[in-house]
J.: 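Sharing a structure, written as C-alpha cells. Questions coming.
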Amino acid sequence: MKSSRPGRLSALAAATVTLLSTFTLIITANQASAACGTANAALNRPATASSTENAGTPASAAVDGNTGTRWSSAFSDPQWIQVDLGSALAVCRVGLSWEAAYSSAYQVQLSTNGTTWNNAYSTTASTGGNQSIDVVGTARYVRINGTARATAWGHSLWELSVNVDDGSTDPTVPPTDPRNPNFGPNTFIYSPSTPQSEIQNRLNAIATQMHTNQFGPQRYAVLFKPGTYNADVNLRFYTQVAGLGLLPDQVNLNGHVRVEADWLQQGEDPNYKGNATQNFWRAAENMSVTLPAGQIERWAVAQAAPYRRMHLRGQVQLWDGYMGWASGGLFADSRIDGLVESGSQQQFLTRNSDLNGGWSGSVWNMVFVGANGSPPQNFPNPSHTVVANTPVIREKPFLYFDAAGNYNVFVPALRQNARGTSWASGNPAGQSTSLSQFYVVQPSSPVATINAALAQGKHLLFTPGVYNLNDTIRVTRPNTVILGLGLATLTPRTGLPAITVADVDGVKVAGLLIDAGPTNSPVLMEVGPAGSTANHSANPTSLHDVFFRIGGPGVGKASTSLRINSHNVIGDHLWLWRGDHGDGIGWDQNTAANGLVVNGNNVTMYGLFVEHYQQYQVIWNGNGGRTYFFQNEMPYDPPNQAQWGSPGGGTQGWAAYKVANSVTTHEAWGVGSYCYFNVNPGVVASRSFEVPNTPGVRFHGLVSVSLGGVGTINRVVNDTGAVANLANQVSYVPNYP
C-alpha cells in the first residue's frame, strides 16, 4: 500500500509415553549423520554432452567455475550433460545455474559406471534460475538429462556443481532448556511480579524506536506470562505482543493494545497524519485486553497486522476515527465484546471469531467466515460477504508457559466446518510440545546447523532478528513446526529459496517474513517439490502469518514468492508484496513476476493479500482450490502498455488472479483488485480476474477499483463487469457466473 491513495490415557500410560518419547528424543538428538560438503566435486572434472550449440559452448564450460561461460545444446529434445567425478562418491547435492534457455523438464541421474543410470530427482515444472537439489546416492557420474526446453533454444547451463559427503558429521545442535531458553536480546518476557514501570518503560522505548521504522532491521517480541497487568501497548513496526497462557484470558492486560494512525501524511495537508495504509508488520496475540472505562480501542492497520486469539473487553475502531484511510487486516480466533466500527477501512477479514457487540460499516470488501455476530450477507451495498462456517482450518501454533515453569508450543487441532473461536469452551483441542524439542534459532545460527536440527527431527523457533541465509532451510519431516517470534525475517542472499518443504504431512510454518535478496531467487518458498502427489487431507500443511517482500529495505528479486505443489495446503493470512515504496523500488529493480503459484489440488486460502507483481499476481493451476478473501493491487509502475501485457490476442496488462484453463473446480468469496497506475495513468488492464467458463468455477463478491481514478480496469472478471476508471471508480459483480 502507498500513502498517496485512499480418547484419554491413564496417568500411568501417559507417563510411560512421556518417558518413551524422552528416550527416543535423546537417541535421535545424538545420532550424527554425514555432512554435505561445500566443495564442488565437479569443478574442472571431465564433462561430456549429447550435443553442443557451437564450439563456444562446450560441456567443459559448465564445470569450469566461471559463471560467464556456459554449455548449451542443439535446439532439440532430449539433451544431456554429464560429469565424471573420478571415483564413486556419496553425492548429496547438485547445483544448477541455468541460462535463460533452461530445461523446463529434466532428471538428475546418478551412475557408478556411466552406463546404468538411476533417477535421483525429476521435475516437469522447472522455472530455471539457480537451483540447489538435495539427492542421495553413490555415483562417479552425474548427469542432467533435459527432456523439455523452456524456449526455442537449446538446454543451457552456466554451471553444474556437485557436493558430496565430506566425511565429517553434521554440526552439533545445542539443546534447549525448556525452563530457561535463550530467546535472544530482543525478546522481553514479563511476569505479574515485574514492576509496572519497568514494563511500560520498555514498551514506550520500543514504540518510540519503531514508530516510523518501516524498513529497519530491528525486531521485537514482548511476551507476558499468565497473570494480570496494567499497560498501554502502542504497537509499532516489527513488534509482536503476545500472552503466554494456554487460553487468552489467562493473561489480562488492563489498558490498551492499540495501533494508531499518527505518523503518515494523507493528501496535501502536512499536518494531517491519520493515514493507516502503511501500518504493516506487527501482531497482537493470545491475551485479553480490558479497556479503561469509557475508552475504545484503536486498531488502524493495513496488511500483515494480525489480531489473533485475542479477547477485547470493549469497543474497537479500525481507522483513525476521523477521516484517515486504512487498508486491510485480520481478526482470527478472537472475541470482541464491544462494537467493531470499520469506518474508512477498505477491506478486512474476520474469521472464526465472536463479534459479541456486532459490526458496523463497510467500504469495498468486508468478509466474514465462520464468525458469530457478523452482519448478514449483503453485497455490494454494504459490501459484506458472509460464509457461515470455515470448511477446514488449523489455528496458528503459539508459545505458552505452563504452571510447572516450562515453555511449550501448542499446535491447535484441525477443525472442520468450524464456527467461532477454538477456545470458547475452554482448553482447545490440539497437542503441546516441550520447547526441549525445538532448536531455538538466533540470527547468527548457521543454516547448516538449522538443517542438521531439522534432520534430527527437531522443530524450529526463530527469535526476533534478520537472518541472512547462504543456503535453503529444508524441511523434510512430517509434522515439523517452524514458528517465528517478533516478525523474524529470512533473507536468501545467494539466489536460492529461503525455505523448501517436502511433500509430507502436517508441517506448520508461522510468524515469518521472507525478504527477497539482491540475487534473484526463482522462488522464495516452495511447499512440496514439483510433481507432488500425496493426499494430505487428514493432516495438511498450514502456513500462518507468513509474509513475503520484494524490495523496500533495498533491492530484492524473486521470480515467484510462494509456490505450492503439495495437495491440501491451508494458507492462513498471507501477504505477498512487491514493494511500491522504500529503497530498491523500480520496474527494473525489484523484479518479481508472480506472487503465488498453486499447483496442488484442494488448496485453501483464508486472507490472501497479493500486491504489485509484474505479471499474474496469482496463478492457480490445481483443482479444488478455495479462497476466502483476496485483496490485490496491480503494479503501480508499468512504464507503458507495451511493457505490461499478458499473452493472448488483445489482452492488456495481466489479470490479478488467474485460474488456469485446465481447472474444472475452484471457488472464491470476497475478492478485490485495484489499480493505481501512477507512473503512466494511461495504462489499462483488461480485467481483474481471468477464469475458465465452466460450472465448477464460481466467484462471489467481486470488486474492481481504480484508486482515485488513476488507471483503468476494463472488466471485473473475464468480460463481465463495468469499467473502473476516473468516471466510475468502483465496479462490483455479486456472483460469477
J.: Once you round to the nearest 0.5 Å, how far does CZ of Arg93 lie from CG of Asn40?
T.: 12.0 Å

J.: Here's a test for you: under ring pair (Phe, Tyr, Trp, His ring centres under 6.0 Å), which of Phe629, Phe547, Trp575, Trp577 qualifies with Phe609?
T.: Phe629

J.: Closest heavy-atom contact between Thr560 and Gly595?
T.: CG2-O, 3.9 Å

J.: List the steps, then state whether salt bridge (charged side-chain N to carboxylate O under 4.0 Å, His left out) holds for Glu667 with Arg626.
T.: CA-CA 5 Å; Glu667 196 159 8; Arg626 293 175 294 190; over 6 Å; no

J.: Is there a donor-acceptor contact under 3.5 Å linking the side chains of Gln614 and Thr591?
T.: no

J.: Answer with yes or no whether the side chains of Tyr613 and Ser561 bring together a donor and an acceptor at under 3.5 Å.
T.: yes

J.: Between Cys36 and Asp165, which heavy-atom pair has the shortest distance, and what is it?
T.: CA-OD1, 4.0 Å

J.: Ion pair present between Arg45 and Asp64, side-chain N to carboxylate O less than 4.0 angstrom?
T.: no

J.: On a heavy-atom basis, which atom in Asn520 and which in Ser559 lie closest, and how many Å separate them?
T.: ND2-OG, 3.2 Å

J.: Please check if any side-chain donor atom of Thr57 sits under 3.5 Å from a side-chain acceptor atom of Thr52, or the reverse.
T.: no

J.: Centroid separation under 6.0 Å, is that true for the rings of His155 and Phe75?
T.: no

J.: How are the rings of Tyr106 and Tyr121 set to each other: parallel, tilted or perpendicular (split at 30° and 60°)?
T.: tilted

J.: When you look at Asn130 and Ser97, which way does the side-chain hydrogen bond (donor to acceptor under 3.5 Å, both in side chains) test go after all the steps?
T.: CA-CA 5 Å; Asn130 297 319; Ser97 179; 3.1 Å; yes

J.: Does a donor on one side chain sit under 3.5 Å from an acceptor on the other, for Asn145 and Gln107?
T.: yes

J.: Between the side chains of Glu633 and Tyr636, is a donor N or O closer than 3.5 angstrom to an acceptor N or O?
T.: yes

J.: Are Arg578 and Asp637 close enough, and set up right, to give a salt bridge (charged side-chain N to carboxylate O under 4.0 Å, His left out), and what steps lead you there?
T.: CA-CA 11 Å; Arg578 174 181 169 261; Asp637 55 344; 2.8 Å; yes

J.: Is the closest side-chain donor-acceptor distance between Asn602 and His567 under 3.5 Å?
T.: no

J.: Between the side chains of Ser51 and Gln79, is a donor N or O closer than 3.5 angstrom to an acceptor N or O?
T.: yes

J.: Could you tell me which non-hydrogen atom of Asp505 sits nearest to which non-hydrogen atom of Thr541, and how far apart they are?
T.: C-OG1, 4.4 Å

J.: Nearest 0.5 angstrom please: Gln615 CD to Asn594 CG, how far?
T.: 5.5 Å

J.: Give the C-alpha distance, both sets of side-chain angles, the deciding distance and a yes or no for side-chain contact (heavy atoms from CB on, under 4.5 Å) between Thr449 and Asn451.
T.: CA-CA 5 Å; Thr449 306; Asn451 282 330; over 6 Å; no

J.: Are Arg474 and Ser132 close enough that a side-chain donor and a side-chain acceptor fall under 3.5 Å?
T.: yes

J.: Assess whether side-chain contact (heavy atoms from CB on, under 4.5 Å) is satisfied between Tyr102 and Ser126, documenting all intermediate values.
T.: CA-CA 8 Å; Tyr102 62 89; Ser126 171; 4.2 Å; yes

J.: Between CG of Asn714 and CD of Gln652, what distance do you get to the nearest 0.5 Å?
T.: 6.0 Å

J.: Taking atom CH2 of Trp587 as the centre, does the number of heavy atoms from other residues, nucleotides or ligands within less than 6.0 Å exceed 12?
T.: yes

J.: Please enumerate all residues that pass side-chain contact (heavy atoms from CB on, under 4.5 Å) together with Thr491, with sequence neighbours excluded.
T.: Val466, Asn468, Thr489, Arg493, Asp515

J.: Under the side-chain contact (heavy atoms from CB on, under 4.5 Å) rule, what do Ile619 and Leu596 come out as? Steps first, then yes or no, please.
T.: CA-CA 6 Å; Ile619 302 174; Leu596 172 66; over 6 Å; no

J.: Could you tell me if His612 and Gln617 have a donor-acceptor pair between their side chains, going purely by distance under 3.5 Å?
T.: no

J.: Would you please say whether a donor-acceptor pair under 3.5 Å links the side chains of Asn632 and Glu611?
T.: no

J.: Would you say the side chain of Lys508 lies within less than 4.5 Å of the side chain of Asn479, judging by non-hydrogen atoms?
T.: yes

J.: Report yes or no: does Ser156 contribute a side-chain atom to a donor-acceptor pair with the main-chain N or O of Ala101 at less than 3.5 Å?
T.: no

J.: Thr500 and Glu526: side-chain donor and acceptor closer than 3.5 Å?
T.: no

J.: Checking Asn599 against Asn621: is there a side-chain donor and acceptor pair closer than 3.5 Å?
T.: yes

J.: With no hydrogens and no angle check, just 3.5 Å: does a side-chain donor-acceptor pair link Thr147 and Asp77?
T.: no

J.: Could you tell me if Gln109 and Tyr141 have a donor-acceptor pair between their side chains, going purely by distance under 3.5 Å?
T.: no

J.: Can you list the steps and then say if Val697 with Thr664 is a side-chain contact (heavy atoms from CB on, under 4.5 Å)?
T.: CA-CA 6 Å; Val697 176; Thr664 58; over 6 Å; no

J.: Considering only heavy atoms from C-beta outward, does the side chain of Leu460 approach that of Leu483 to under 4.5 Å?
T.: no

J.: Could you walk me through whether Arg140 and Ser87 pass the side-chain hydrogen bond (donor to acceptor under 3.5 Å, both in side chains) check?
T.: CA-CA 5 Å; Arg140 174 173 173 173; Ser87 62; over 6 Å; no

J.: Distance from Asp471 atom CG to Thr38 atom OG1, nearest 0.5 Å?
T.: 10.0 Å

J.: Using only heavy-atom distances, determine whether the side chains of Asp503 and Thr533 contain a donor-acceptor pair under 3.5 Å.
T.: no

J.: If only atom types and distance count, is the side chain of Ser103 paired as donor or acceptor with the main-chain N or O of Ala105 below 3.5 Å?
T.: no

J.: Using 30° and 60° as the class boundaries, would you call the ring planes of Tyr657 and Phe699 parallel, tilted or perpendicular?
T.: perpendicular

J.: Of all the heavy-atom pairs spanning Trp71 and Ala62, show the shortest one and how long it is.
T.: CB-CB, 4.0 Å

J.: Please determine, by modelled atom types, if His459 and Thr480 share a side-chain donor-acceptor pair under 3.5 angstrom.
T.: no

J.: Side chains of Asn568 and Asn539: do they bring a donor and an acceptor to under 3.5 Å?
T.: no

J.: Please examine the side chains of Leu160 and Ile144, heavy atoms only from C-beta on, and report whether any two atoms are closer than 4.5 Å.
T.: yes

J.: CG/Asn601 to CD1/Ile564 distance, rounded to the nearest 0.5 angstrom?
T.: 12.5 Å

J.: Go through Ser704 and Ser688 one step at a time and tell me if the side-chain hydrogen bond (donor to acceptor under 3.5 Å, both in side chains) criterion holds.
T.: CA-CA 7 Å; Ser704 292; Ser688 291; 2.7 Å; yes

J.: Could you walk me through whether Ser72 and Glu99 satisfy the side-chain hydrogen bond (donor to acceptor under 3.5 Å, both in side chains) test, starting with their C-alpha distance in whole Å, then the side-chain angles of each, then the deciding distance to 0.1 Å, before giving a yes or no?
T.: CA-CA 9 Å; Ser72 61; Glu99 199 251 350; over 6 Å; no

J.: Please report the interatomic distance CG(Asp572) to CG(Leu608), rounded to the nearest 0.5 Å.
T.: 11.5 Å

J.: How far apart are the closest heavy atoms of Pro638 and Val683, and which atoms are they?
T.: O-CG2, 4.0 Å

J.: Is a donor on one side and an acceptor on the other found under 3.5 Å between the side chain of Lys557 and the backbone of Gly517?
T.: no

